[in-house]
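Report on one structure; see the data block that follows.
Values below: every heavy atom of this structure, side chains too, minus hydrogens, waters and symmetry copies. Below, chain A is the first sequence line, B the second, and so on; all start at residue 1.
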Number of protein chains: 2
Amino acid sequence: MKNNGPIETSCVHCNVRLNSVFNVLDEDQVKDLCIHKSCAVYKKGQYVFTENGLPAGLFCINSGKIKLTTTGYDGKEQILRLVKSGDIVGYRALLSNERYHCSAVTLEDASICIIDKKYFFDAIESSPKLMFEVVKKMSQDLKVAEDHIVSLSQKNVRERMAEALLFLKATYGFEEDNQTINVSLSREEIADYVGTSTESCIRLLSEFNNDKLISLKGKKISIVNLQKLIQTANIED
Amino acid sequence: MKNNGPIETSCVHCNVRLNSVFNVLDEDQVKDLCIHKSCAVYKKGQYVFTENGLPAGLFCINSGKIKLTTTGYDGKEQILRLVKSGDIVGYRALLSNERYHCSAVTLEDASICIIDKKYFFDAIESSPKLMFEVVKKMSQDLKVAEDHIVSLSQKNVRERMAEALLFLKATYGFEEDNQTINVSLSREEIADYVGTSTESCIRLLSEFNNDKLISLKGKKISIVNLQKLIQTANIED
DNA sequence: GGCATTATATGATATAAATCATATAATTTA
DNA sequence: TAAATTATATGATTTATATCATATAATGCC
């Protein structure tokens, strides 16, 4: 797939309130914000920003799904966070005035706003409410990261795999059938999140499939036996 | 060791500016802050706060070292962060209005200030500078956590062990001899940080000792060959 | 100061999971 | 649409590391 960069579009229709952190703004503030943002449409697989880059603003996902990845040792990719529509991305480097320590890549076609850096700083300085919303977001991400550390330290691959599926479900929810996880990741990407090899990931998904915990249809994973999957995610010995 | 709780003392002498985030305050602000804080002396091994507890304020480490731990699966302890004097603790739960997701335990005798919750919120609302300092702190912790995730996902225990020693050195520095890491952790605690078994931790430290990367004297670890330790911390195949 | 407890050390064994290998299925793209 | 590439699948083998076991050293305690 060729990535020629996002297609910029005008931004009149996209409702920034979609993005949870901006819920706290009033009508006028939203109007003002809209003047200082622009929208872009990304194709699946495009980079929103890249590791070591300098932040130019805050990204708000209007639609689509994003993975935040970093290049580990030996060039191996690590998925650090998974982001859904309504979320903001790139706030960490922006707030701490650092370069990005990870890249953001679209997992599907996406519509993303970028809010001008200077304007964003003005907005959070003048609106403590907004600031607290962003802080809460970072706090949440820190908690999730530290939970992941415990999991990686103490659980085996099978448990982490079950946990990852539950995490995907919690993040992206189900499709209309109420059991298919609403995201398409390659086995390699799942492995890059779980911290295992692609082969082990494939093998475990096959096993879960055979054990009727899940069912597989291409990249689509359905949770067939949630109770047993939860059990598998915990220590079972 | 019996833990009877901290000994409260008056606070006139402790300089809150020690704590990096408060460097941005001016003379009057510091004076005001001092009215709203109190100091306490903790013995080694005491809890500053505990998992699931509700934050009553912000803790500032005047002296001493702290570990933030969480109880993982099967009751196994996970060390999430290591904190030194000058740092603040307990800000995450406080800012996001949540219960603590980890406990804070002193690694040695410590003097710790607690800043009243309400006052702290007033302070960060009225001083964007202070707010940004706290945000930078959280941002840093998030980065460290995500680096740890990559390490846990992609490195083997030997590499992580070498990395952990370098991390301890980076956090607490050397003693006067310029090679002994200035912190005393049990082998089990190191294992709980690295994400390995106590036996593997002991074995690897022994190996590093035999290979003249480090030298051991009780709980004190000296880095003898920094260059080789750095090599060991990275992928070497 | 001696006894009990806990921490450190090291060997032996078992096992989870990586790696290597090969096959088939599914996508790209020419 | 065929060829090429990439993703998924699964078997065989190796290896890192946990676990179990036992010994010694260090520390806390009455």
Side-chain angles (χ1 to χ4, degrees), chain A residues 1-4 43-45 72-78 107-108 151-164 184-211 214-221 232 235-237, chain B residues 1-4 43-45 72-78 107-108 151-164 184-211 214-221 232 235-237:
Chain A
M1 185 185 298
K2 278 181 197 153
N3 294 331
N4 299 311
K43 284 251 173 74
K44 175 180 171 176
Y73 316 98
D74 235 346
K76 188 170 161 53
E77 183 171 290
Q78 177 70 38
L107 293 169
E108 52 189 51
S151 178
L152 285 164
S153 286
Q154 303 195 5
K155 287 189 167 181
N156 61 36
V157 175
R158 159 181 290 266
E159 290 162 344
R160 297 207 306 272
M161 180 62 62
E163 201 175 51
S184 289
L185 295 169
S186 69
R187 303 295 193 257
E188 190 179 8
E189 284 172 319
I190 298 174
D192 288 342
Y193 174 81
V194 170
T196 187
S197 66
T198 306
E199 294 95 322
S200 291
C201 172
I202 290 170
R203 227 181 287 270
L204 278 167
L205 288 179
S206 275
E207 256 186 63
F208 288 178
N209 185 33
N210 289 336
D211 296 352
I214 62 173
S215 80
L216 301 170
K217 196 171 187 179
K219 293 200 186 349
K220 286 293 179 182
I221 301 171
T232 304
I235 294 282
E236 72 247 285
D237 45 304
Chain B
M1 182 186 298
K2 279 181 196 152
N3 295 331
N4 299 311
K43 285 251 173 73
K44 177 181 169 174
Y73 316 98
D74 233 348
K76 188 169 162 56
E77 184 171 288
Q78 177 70 38
L107 294 168
E108 51 188 53
S151 179
L152 285 164
S153 286
Q154 303 195 5
K155 285 189 168 181
N156 62 35
V157 175
R158 159 181 292 265
E159 290 163 342
R160 297 208 305 271
M161 179 62 63
E163 200 174 51
S184 289
L185 294 170
S186 69
R187 303 294 192 258
E188 191 179 7
E189 284 173 319
I190 297 174
D192 288 341
Y193 174 80
V194 171
T196 187
S197 66
T198 307
E199 295 96 322
S200 292
C201 172
I202 290 169
R203 228 180 284 270
L204 278 168
L205 288 178
S206 276
E207 255 186 64
F208 288 177
N209 185 33
N210 290 336
D211 296 351
I214 62 173
S215 79
L216 301 170
K217 198 171 187 181
K219 291 200 187 346
K220 286 293 179 181
I221 301 171
T232 305
I235 294 282
E236 71 247 287
D237 46 303

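Every side-chain contact (heavy atoms from CB on, under 4.5 Å) that A:Lys219 has, sequence neighbours left out, goes to A:Ser184, A:Ser186. A:Lys76 is linked by a side-chain contact (heavy atoms from CB on, under 4.5 Å) to A:Asp192, B:Gln154, counting only residues two or more places apart in sequence or in another chain. Not counting sequence neighbours, the partners of B:Leu205 by the side-chain contact (heavy atoms from CB on, under 4.5 Å) test are B:Met161, B:Leu165, B:Arg187, B:Ile190, B:Cys201, B:Ile214, B:Leu216, B:Ile221. Residues forming a side-chain contact (heavy atoms from CB on, under 4.5 Å) with A:Arg160 (at least two apart in sequence, or on another chain): A:Ser151, A:Leu152, A:Lys155, A:Val157, A:Val194. Here B:Glu199 pairs with nothing under the salt bridge (Lys or Arg N to Asp or Glu O under 4.0 Å) rule; sequence neighbours left out. Scored by the salt bridge (Lys or Arg N to Asp or Glu O under 4.0 Å) test, B:Glu188 finds no partners at all (sequence neighbours excluded). Listed by chain and residue number, A:His148, A:Phe167 satisfy the ring-ring contact (aromatic ring centres under 6.0 Å, His included) test with A:Tyr193 (two or more places apart in sequence, or in another chain).
Atom pair B:Leu152:CG and D:dT17:P shows a separation of 12 Å (rounding to whole Å applied). Between A:Glu188 atom CD and D:dT5 atom P the separation is 18 Å, expressed in whole Å. The CD1-C1' distance, from B:Ile202 to D:dA18, rounds to 13 Å in whole Å. Atom CZ of A:Phe208 is separated from atom P of D:dT8 by 17 Å (rounded to the nearest Å). Rounded to whole Å, atom P of C:dT8 lies 12 Å from atom CG of B:Asp192. Summarising the geometry, the separation between NZ on A:Lys217 and P on D:dT8 is reported as 17 Å, rounded to the nearest angstrom. Spacing between atom CD1 of A:Ile221 and atom C1' of D:dT8 amounts to 12 Å, rounded to whole angstrom units. The distance between atom NZ of A:Lys219 and atom C1' of D:dA7, rounded to the nearest whole Å, is 6 Å.
When heavy atoms are screened at a 4.0 angstrom cut-off, B:Thr198 is found touching no nucleic acid atom at all.
The shortest distance between the side-chain N/O atoms of A:Ser200 and the OP1/OP2 oxygens of C:dA17 is not below 4.0 Å. Using a 4.0 Å cut-off, no side-chain N or O of B:Ser206 falls inside it from OP1 or OP2 of C:dT8.
When the C1' atoms of four end pairs are superposed on the next four at each end of the helix from C:dG1-D:dC30 to C:dA30-D:dT1, using five pairs per end, the two resulting axes differ in direction by 50°, to 10°.
You'll find the side chain of A:Thr232 stays beyond 4.5 Å of the side chain of A:Glu163, heavy atoms only.
Between A:Leu204 and A:Gly218, it is A:Leu204 whose nearest contact on DNA chain C lies nearer the 5' terminus. Between A:Ser197 and B:Leu185, the residue whose closest nucleotide on DNA chain C is further toward the 5' end is B:Leu185.
When distances run from any side-chain atom of A:Ser186 to the nucleotides D:dT8, C:dT8, D:dA16, the shortest one goes to D:dT8.
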Dump every N/O contact between nucleotides 21-25 of chain C and the protein below 3.5 Å, one line per pair.
none

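Taking CG of A:Leu204 as the reference point, atom CG of A:Asp211 lies at 10.0 Å (rounded to 0.5 Å).
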